[in-house]
Amino acid sequence: GENVEQHPSTLSVQEGDSAVIKCTYSDSASNYFPWYKQELGKGPQLIIDIRSNVGEKKDQRIAVTLNKTAKHFSLHITETQPEDSAVYFCAASRGNFNKFYFGSGTKLNVKP
Amino acid sequence: GAGVSQSPSNKVTEKGKDVELRCDPISGHTALYWYRQSLGQGLEFLIYFQGNSAPDKSGLPSDRFSAERTGGSVSTLTIQRTQQEDSAVYLCASSRTLNRGKGSGYTFGSGTRLTVV
């Protein structure tokens with residue numbers, strides 16, 4: 001089965017700095033890679049996703065990059081704000097309603 | 001509805017009792033998933049329903065766990081003879097079909113926090 005590893009487990013940055021979270025996956029058939037943000041007491045919320053036919057996707061301050069050859073993908077948050085503080089999860093799947101395999105999460109703390 | 005609804009939001013039960021957790025997916029979403037999140041941990045897949053296909057039960061940790069989805073909509077996760085290690089947040093998610101049969105990202109509910117005492 002798929003194995004998704006996520007690093008770092010915790011990340012502390014100063015407001016305005018950039019944050020990068022990295023994930024690797026093992027199943028070369030995985031073709032869909034979403035990222036979720038989970039705030040305390042809430043369910044995870046999809047913030048950005050990427051499919052294997054593109055290498056990069058950007059949405060305002062958030063971007064995701066994918067390297068299929070190396071089987072790794074990363075989340076980049078620029079100009080971080082205190083409200084970006086949360087736990088972020090990466091995931092991988094074969095798409096088409098297959099189950100997602102989640103990373104273990106990164107707790108991001110943005111210090112004002 | 002506007003989002004995935006789960007009930008109850010919190011459940012405290014005595015060890016050995018059975019519990020039922022409910023999930024109302026977004027209307028029109030054909031796929032429904034259950035995950036478990038232990039304190040400070042990642043998301044552990046439990047079971048997945050897609051339309052009328054047989055569910056993927058490969059993540060259920062023991063035969064004390066079961067789930068059903070009636071009429072392609074509401075789902076119930078049942079845990080029999082609960083143990084303390086069952087304490088966790090149980091998350092439900094649903095997703096829809098995009099063009100060309102591709103799935104979309106999940107929409108999660110807020111979860112049911114189960115505490116077994």
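Letters go in sequence order (proteins before strands), and every chain restarts at 1.
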(message) Would you say that more than 12 heavy atoms from the other residues, nucleotides or ligands in this model lie under 6.0 Å from the CD of B:Glu85, or not?
(response) yes
(request) Check each atom of B:Leu91 against the heavy atoms of chain A and say whether the ones under 4.5 Å are side chain, backbone, both or neither. (result) side chain
(request) Could you name each residue pair satisfying salt bridge (Lys or Arg N to Asp or Glu O under 4.0 Å) that touches residues 36-48 of chain A, not counting sequence neighbours? (result) A:Lys37-A:Glu39, A:Glu39-A:Lys42
(request) Name the region of A:Pro44, side chain, backbone, both or neither, that has any atom closer than 4.5 Å to a heavy atom of chain B. (result) both
(message) Heavy-atom count check: over 12 atoms from other residues, nucleotides or ligands less than 6.0 Å from A:Gln60 CD?
(response) no
(message) For a 4.5 angstrom cut-off between non-hydrogen side-chain atoms, does A:Phe89 reach B:Gln37?
(response) yes
(message) I'd like to know if B:Tyr90 and B:Tyr35 are part of one continuous hydrophobic network [Ile/Leu/Val/Met/Phe/Trp/Tyr, side-chain heavy atoms within less than 4.5 Å].
(response) no
(message) Using heavy-atom distances under 4.5 Å, tell me whether A:Gln38 contacts chain B through its side chain, its backbone, both, or neither.
(response) side chain
(message) I need the A:Ser93 OG to B:Phe45 CZ distance, nearest 0.5 Å.
(response) 11.5 Å
(message) Please say yes or no: joined through hydrophobic side-chain contacts below 4.5 Å, possibly via intermediate residues, are B:Val19 and B:Val117 part of one cluster?
(response) no
(request) Sort B:Ser9 into side chain, backbone, both or neither according to what part of it lies under 4.5 angstrom from a heavy atom of chain A. (result) neither
(message) Quick check: under 4.5 Å, non-hydrogen atoms only, which of residues 101-112 of chain A neighbour chain B?
(response) A:Phe102, A:Gly103, A:Ser104
(request) Answer with yes or no whether the hydrophobic clustering places B:Leu32 together with B:Phe65; edges join I, L, V, M, F, W, Y residues whose side-chain heavy atoms lie under 4.5 Å apart. (result) yes
(message) Which residues in residues 17-25 of chain A have any heavy atom closer than 4.5 Å to a heavy atom of chain B?
(response) none
(message) Are there over 12 heavy-atom neighbours, none belonging to B:Glu44, within less than 6.0 Å of that residue's CD?
(response) yes
(request) Report whether A:Val87 and A:Ile47 are members of the same hydrophobic cluster (ILVMFWY, side-chain heavy atoms less than 4.5 Å apart, transitive linking). (result) no
(request) Quick one: sort the B:Tyr33 and A:Phe100 rings into parallel, tilted or perpendicular, breaks at 30° and 60°. (result) tilted
(request) Is it possible for you to check whether A:Lys99 lies under 6.0 Å from the centre of the six-membered ring of B:Tyr48, through NZ or CZ, and within 45° of that ring's axis? (result) no
(message) I'd like to know if B:Phe108 and A:Phe33 are part of one continuous hydrophobic network [Ile/Leu/Val/Met/Phe/Trp/Tyr, side-chain heavy atoms within less than 4.5 Å].
(response) no
(message) Test: salt bridge (Lys or Arg N to Asp or Glu O under 4.0 Å). Region: residues 65-88 of chain A. Which pairs qualify, not counting sequence neighbours?
(response) A:Arg61-A:Asp84
